[in-house]
Amino acid sequence: MEKIFENKVAIVTGGSFGIGRASAIAFAQRGAKVVVADWMEDKETVDAIKKSGGEAMFVKCDVSKSADVTSLVDKTIEKYGRLDYALNNAGIEGVSANTIDCTEENWDKTIGVNLKGVWLCMKYEIPQMLKSGKGAIVNIASIAGLVGFPTLPAYVATKHGVVGLTKTAALEFAKQNIRVNAVCPGAIKTPMLDRFTGKKKEAEQQFANMEPIGRLGLPEEVAEAVMWLCSDASSFVTGDAMAVDGAWIAQ
Ligand code: NAP
């Protein structure tokens with residue numbers, strides 16, 4: 001694979017599983033040094049990258065805590081000296097319950113990780129990109145950032161919020177050569193989806209049936225969109241919320 005990210009450095013939050021892991025591996029395959037951040041100590045992604053000859057390090061980081069996020073960026077600069085790309089991907093689905101049954105605890109926790117987490121990451125990543133005069137950020141939103149989903153009020157609110165934050169940061173830093181986009185995945189086969197389906201084939205098929213394309217997406221297919229949005233191939237694209245969703249929201 002062409003090393004289009006040679007000598008570049010990428011942070012991936014929520015990099016231990018799912019879309020984050022696939023994207024961390026994709027960055028490394030293209031030559032980037034990858035900082036894999038997650039709130040649980042899990043070195044599998046880093047080990048997989050190193051085994052195939054890539055460079056990566058793990059940093060324990062809860063994205064909802066500013067001290068963790070500043071330390072993540074500090075450790076990145078300490079080890080690799082720069083930051084070129086960031087995939088702000090860490091997210092939780094929260095507890096399913098409709099708007100009147102959603103608890104304050106679920107609301108606060110979901111907002112803390114999915115929305116405050118993305119803001120905190122951009123707050124500390126962008127200054128480093130400004131230093132090198134260029135950068136690209138991708139925030140993982142969801143089709144739930146574009147349309148409503150009954151029984152997921154906090155999740156849907158955070159993902160719509162991520163789309164708004166993305167557009168705002170894109171406008172703020174467009175002239176400084178920092179592009180900020182969001183990716184809005186449809187139903188993707190990851191541990192998060194497994195929690196919705198309980199890994200039951202029937203439940204999985206129900207999600208696949210809701211996809212006009214007739215199947216679930218793969219984390220690697222989302223990672224491909226992230227790679228394109230970070231690469232110079234998308235140099236005129238910023239402030240976009242790109243659906244990678246098998247046409248779910250086209251319905
Ligand atoms: P996943 O398999 O659950 O992976 C998410 C990763 O983020 C996990 O490693 C998780 O750790 C980590 N994480 C959770 N909270 C964190 C925190 N506070 N700080 C740092 N890391 C944290 O989920 P995924 O499906 O890959 O989802 C990735 C992103 O895509 C999320 O933002 C999700 O909302 C979005 N998305 C997913 C789908 C889908 O169908 N899968 C669709 C649309 C959007 P633990 O596992 O240890 O908690």
Side-chain angles (χ1 to χ4, degrees), residues 12-26 36-40 42 44-45 48 62-64 87-115 117-118 138-163 182-226 241-251:
V12 177
T13 70
S16 291
F17 294 105
I19 293 167
R21 172 177 289 174
S23 302
I25 290 170
V36 177
D38 210 287
W39 59 359
M40 304 282 182
D42 184 309
E44 249 186 71
T45 305
D62 179 342
V63 296
S64 67
L87 174 61
N88 300 320
N89 158 80
I92 54 171
E93 64 277 21
V95 179
S96 292
N98 74 19
T99 300
I100 59 172
D101 295 325
C102 175
T103 64
E104 199 170 341
E105 189 195 1
N106 180 52
W107 179 266
D108 288 343
K109 189 168 180 205
T110 309
I111 298 277
V113 176
N114 295 6
L115 187 54
V118 169
V138 176
N139 298 320
I140 297 291
S142 168
I143 47 174
L146 303 171
V147 295
F149 279 84
T151 76
L152 288 172
Y155 185 80
V156 169
T158 63
K159 295 303 186 180
H160 276 70
V162 167
V163 171
V183 164
C184 300
I188 311 297
K189 178 87 180 91
T190 68
M192 182 183 281
L193 193 94
D194 289 344
R195 290 192 290 275
F196 280 109
T197 62
K199 291 191 180 173
K200 292 198 178 86
K201 281 271 159 272
E202 264 172 35
E204 221 171 75
Q205 192 54 49
Q206 273 172 6
F207 272 99
N209 291 344
M210 285 188 272
E211 281 286 5
I213 207 165
R215 64 170 177 85
L216 298 176
L218 298 174
E220 291 74 16
E221 293 178 298
V222 181
E224 284 298 323
V226 174
M242 179 196 279
V244 179
D245 71 339
W248 186 307
I249 59 146
Q251 297 173 95

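Predicted model, so just to flag it, every value in this text is computed and none were measured. Residue numbers count from 1 along this sequence.
Between Leu193 and Phe207 there is a side-chain heavy-atom pair separated by less than 4.5 Å. Annotation: side chain of Val12 is not in contact with side chain of Val36 (no heavy-atom distance under 4.5 Å). Within the 4.5 Å cutoff, the side chain of Ile19 has heavy atoms near those of the Ile188 side chain. No side-chain heavy atom of Pro153 sits under 4.5 Å from any side-chain heavy atom of Val156. Between Phe196 and Ser96 the shortest side-chain heavy-atom distance falls below 4.5 Å. Side chains of Thr103 and Val95 form no contact here, defined as non-hydrogen atoms less than 4.5 Å apart.
From Thr13, atom OG1 reaches atom CG of Asn88 across 5.0 Å, with rounding to the nearest 0.5 Å. Rounded to the nearest 0.5 angstrom, Arg21 CZ and Ser16 OG are separated by 7.0 Å. Here the CE atom belonging to Met210 is positioned 13.0 Å from the CG atom belonging to Asp245, to the nearest 0.5 angstrom. Going from atom OH of Tyr155 over to atom CZ of Phe149 covers 9.0 Å, rounded to the nearest 0.5 Å. Between atom CE of residue Met192 and atom OG1 of residue Thr197 there is a gap of 12.5 Å, rounded to the nearest 0.5 Å. Atom OG1 of Thr158 sits about 8.5 Å away from atom CH2 of Trp107, to the nearest 0.5 Å.
Cys184 and Ala141 make their closest contact through SG-CB, 3.9 Å (heavy atoms, listed as atom of the first residue, atom of the second, distance). Closest approach of Pro212 to Gly246, counting heavy atoms only: CD-O, 3.4 Å. The minimum heavy-atom distance between Ser142 and Lys159, with the atom names listed, is CB-CG, 3.8 Å. For Val163 against Gly145, the heavy-atom pair with the smallest separation is CG2-O, 3.9 Å. The heavy-atom pair separating Thr110 from Ile92 by the smallest distance is CA-CD1, 3.9 Å. Here the closest non-hydrogen pair linking Met242 and Ala225 is SD-CB, 4.0 Å.
Within 6.0 Å of CD on Glu202 lie no more than 12 heavy atoms contributed by other residues, nucleotides or ligands.
Salt bridge annotation for Lys199-Glu204: absent, with no cationic side-chain nitrogen under 4.0 angstrom from a carboxylate oxygen.
Residue pairs that meet the side chain to side chain donor-acceptor pair (under 3.5 Å) test with at least one member in residues 210-221, sequence neighbours left out, are Arg215-Glu221.
Within the 3.5 Å criterion, the main-chain N or O of Gly15 finds a donor-acceptor partner in the side chain of Thr45.
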